[in-house]
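See structure below.
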Protein chains: 2
Amino acid sequence: MNQPPAPGHPPRRPTIRDVAERAGVSKSLVSLVLGGSSNVSSDRRRAVLDAMAELGYRPNQLARGLSSPHSGTIGVLLNDLRNPWFVELLEGLSATLHAAGVSPVLVDSYTDNRVGRRSVETLLEQRIDGLVVVGTTSEEAALETAIATVPVVLAGTREPALPGADIVVDDDESGARQAAEHLIALGHRRIAHLQGPGEIGRLRRAGYEAAMRDSGLDPWVVAGGMSEESGYEAARRLLAGPQRPTAIFAFNDLACIGALSAAADQGLTVPGDLSLVGYDNTYLARIRHLSLTSVDNGNFAVGLQAGRYILERRETRDLPQRLHLVPTQLVVRGSTGHPPDSA
Amino acid sequence: MNQPPAPGHPPRRPTIRDVAERAGVSKSLVSLVLGGSSNVSSDRRRAVLDAMAELGYRPNQLARGLSSPHSGTIGVLLNDLRNPWFVELLEGLSATLHAAGVSPVLVDSYTDNRVGRRSVETLLEQRIDGLVVVGTTSEEAALETAIATVPVVLAGTREPALPGADIVVDDDESGARQAAEHLIALGHRRIAHLQGPGEIGRLRRAGYEAAMRDSGLDPWVVAGGMSEESGYEAARRLLAGPQRPTAIFAFNDLACIGALSAAADQGLTVPGDLSLVGYDNTYLARIRHLSLTSVDNGNFAVGLQAGRYILERRETRDLPQRLHLVPTQLVVRGSTGHPPDSA
DNA sequence: CTGTTAGCGCTTTCAG
DNA sequence: CTGAAAGCGCTAACAG
């Protein structure tokens, strides 16, 4: 069934039973030590620990997961590794999970789709204790079935709307407002916004519009997207128009970089002729040659809280759905300045 | 032990036994269907499949892994999610694995380190069937113990040198040669190279030097790094010198972008005053506003082959160590042109 | 082709 | 505090 008896040395990995034998105790005692029980004398505990070390013992999580109610793993569904906006989120999440002795199992929805793998299904077969969805994914149907089986938390996205799934995101409306207010404070009046997709796109737009109206300015929204390409196209059209904007607030950093390219194409300097603000404060924004003013969405904090929620739900089903907003922060860099006329 | 009896509806997930009962067959027959055995009449198979669908049955991979010699998972150790050069590699790898019914389990070494998680150790406890190391990692010690237990393949890196671990990489020497030859063909003679770390750094340097010597030019190598920052610093010093180069071949795209910023700082235009070549052909190189000429390292092919190797080793231990080189391809974009004097 | 029987390595009662 | 015993869901012999 398992490893054939092997001629030379036994390739069989040491089990709890080997450890028990070596330490001169029973199987269950070893199990107790493993579980960190306090009902073990320190001598015995030492003996067990020593035996483990000598044998190079490694607990088999498969076996553990099979017999205990928790597998000790949490699935993390990443939407697209190409855009590493989620890295800090993942760090926050990992920190929370690690402290609880839980391992994140990462899967990349985009790649899996391409090769025809059913990411969520695979995770469920692995008996994950919960699922954290990082960023908007297209696996809506799969998530609906998943939530029937395991707790689900959405991090850095508000979609799909799953009854019973907690949501942890940055405060997009407030973040967008900060961005717009920054531009307004610099003296800009013709400030355009490249709207992005989905609920998040709507919220950022709303924050932008509110800030504009508060200052008696007319909102100027055009459809953008979340890619460099879409930002480029949208900005190109804007800048080719008769009364071009003096500032553009893009949906995210990628679209903002697209706008930057469009500006360069028209011979406009940034921020001399045109100011630009992105969103997400990715490492792209930090690249010297781009140096984008951007809204930081506090992703580390988002990850931390998502971890807390999923661990709570692991213990207690039937919690009400929760929404946690993390404050944003505007990071000013080289892509914003006063409008040209005000010079 | 497992799920408490639950008051309302039974939360217990259907097992192979439930399926057998419902389909009116034995447990083992269900197992055979699951395993895709041909020794099952099509009627019975249908019955089993139907029962599974009706029950919403999902095989428990933990249980499967516990009783069969393979767990059906392969660990994938990612070095740093921040630099998404490996995305296509992962796609190739996933394609191979998926075709074999094996699931990749992704872990991020960098994040894990930060939170104090022992990535490799965790994977081994999960009873992975093999480990693919993607990119250079700092977990050398852990890898050495890992290779005693499971097959290891290095993809996109040559380090650490592990006896018995296959290596799949692009042909760095040849790639660097292509980059240098491209610049030479454009008429450049003062071509500097920003050397990167490790074995790969040495190989790229060697390819560059060979191309230079073949054309009777003097190699000009300075220490760089693999980050934007290090590329910036190195290039800044180079460009401040008396006889500055007319072209720079950087270790990778990130360093190349650093060089781009340094050029901008000095008021040099690219490619008018200075030509730049990167390496990895990441999506950064493709960004319009950067538009870097770069060497594509064929990472999809690297991933495919790494998958093949690991699957082979899963079946057959004691294979000799292998090295597979994937051909590179220069992608010319806007950062290279003729040297200024030749205009 | 089918049903029975052992385990895989571990946790968890339940008596000592 | 400790040991024996049962069982998690599944696979893999083994006789029918």
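Atoms considered below: every heavy atom in the structure, side chains included; atoms not considered: hydrogens, waters and symmetry mates. Chain A is the first sequence line, chain B the second, and so forth, proteins listed ahead of strands; every chain is numbered from 1. No experiment lies behind these values; they were computed from the predicted model shown.
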With a 3.5 Å cut-off and sequence neighbours excluded, list the donor-acceptor pairs that the side chains of residues 73-80 of chain B form with protein atoms.
from, atom 1, to, atom 2, distance (Å)
B/T73, OG1, B/S71, OG, 2.9
B/N79, ND2, B/T136, O, 3.4
B/D80, OD1, B/R82, N, 2.9

Sequence neighbours left out, cut at 3.5 Å: what donor-acceptor pairs do the side chains of residues 298-307 of chain A make with other protein atoms?
from, atom 1, to, atom 2, distance (Å)
A/N299, ND2, A/W85, O, 3.2
A/N299, ND2, A/N297, OD1, 3.2
A/Q305, OE1, A/R308, NH1, 2.5

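Summarising the geometry, the separation between CG on A/D18 and P on C/dC10 is reported as 9 Å, rounded to the nearest angstrom. Rounded to whole angstrom, the span from the CG atom of B/N60 across to the C1' atom of D/dT11 amounts to 13 Å. B/E21 places its CD atom 13 Å from the P atom of C/dG3, with the value rounded to the nearest Å. As rounded to whole Å, 21 Å separates atom P of D/dC8 from atom CD of A/Q126. Regarding B/R17, its CZ atom lies at a distance of 14 Å from the P atom of C/dG3, rounded to whole Å. Counting to the nearest Å, the P atom of D/dC8 and the CZ atom of B/R58 are 20 Å from each other. Here D/dC10 presents its P atom at 3 Å from OH of B/Y57, a figure rounded to the nearest Å. Here C/dG7 presents its P atom at 22 Å from CG of B/L62, a figure rounded to the nearest Å.
In terms of heavy-atom proximity, A/L319 sits nearest to A/R313 at O-NH1, 3.4 Å.
Listed by chain and number, the residues in a side chain to side chain contact (heavy atoms under 4.5 Å, CB included) with B/P160 are B/E140, B/L143, B/L162 (sequence neighbours excluded). Partners of B/E144 by salt bridge (charged side-chain N to carboxylate O under 4.0 Å, His left out), not counting sequence neighbours: none found. The salt bridge (charged side-chain N to carboxylate O under 4.0 Å, His left out) search around A/R45 returns none, not counting sequence neighbours. Qualifying side-chain hydrogen bond (donor to acceptor under 3.5 Å, both in side chains) partners for B/D108, counting only residues two or more places apart in sequence or in other chains: B/T111. Applying the salt bridge (charged side-chain N to carboxylate O under 4.0 Å, His left out) rule to B/R64 yields no partners; only residues at least two apart in sequence or on another chain are considered.
Listed candidates were D/dT11, C/dC8, C/dT11. Nearest to the side chain of B/S31 is D/dT11. Comparing atom distances between the A/S41 side chain and each of C/dG9, D/dC1, D/dT11 picks out D/dC1 as nearest.
The terminal axes of the helix from C/dC1-D/dG16 to C/dG16-D/dC1, fitted over 5 pairs per end, subtend an angle of 40° to the nearest 10°.
At least one side-chain heavy atom of B/L81 sits less than 4.5 Å from a side-chain heavy atom of A/F86.
Between A/R127 and A/L32, the residue whose closest nucleotide on DNA chain D is further toward the 5' end is A/L32.
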Strictly under 3.5 Å: I want the nitrogen or oxygen pairs between protein and nucleotides 3-5 of chain D, one per line.
from, atom 1, to, atom 2, distance (Å)
D/dG3, OP2, A/S26, N, 3.1
D/dG3, OP2, A/S26, OG, 3.4
D/dG3, N7, A/S28, OG, 3.3
D/dA4, N6, A/S28, OG, 3.1

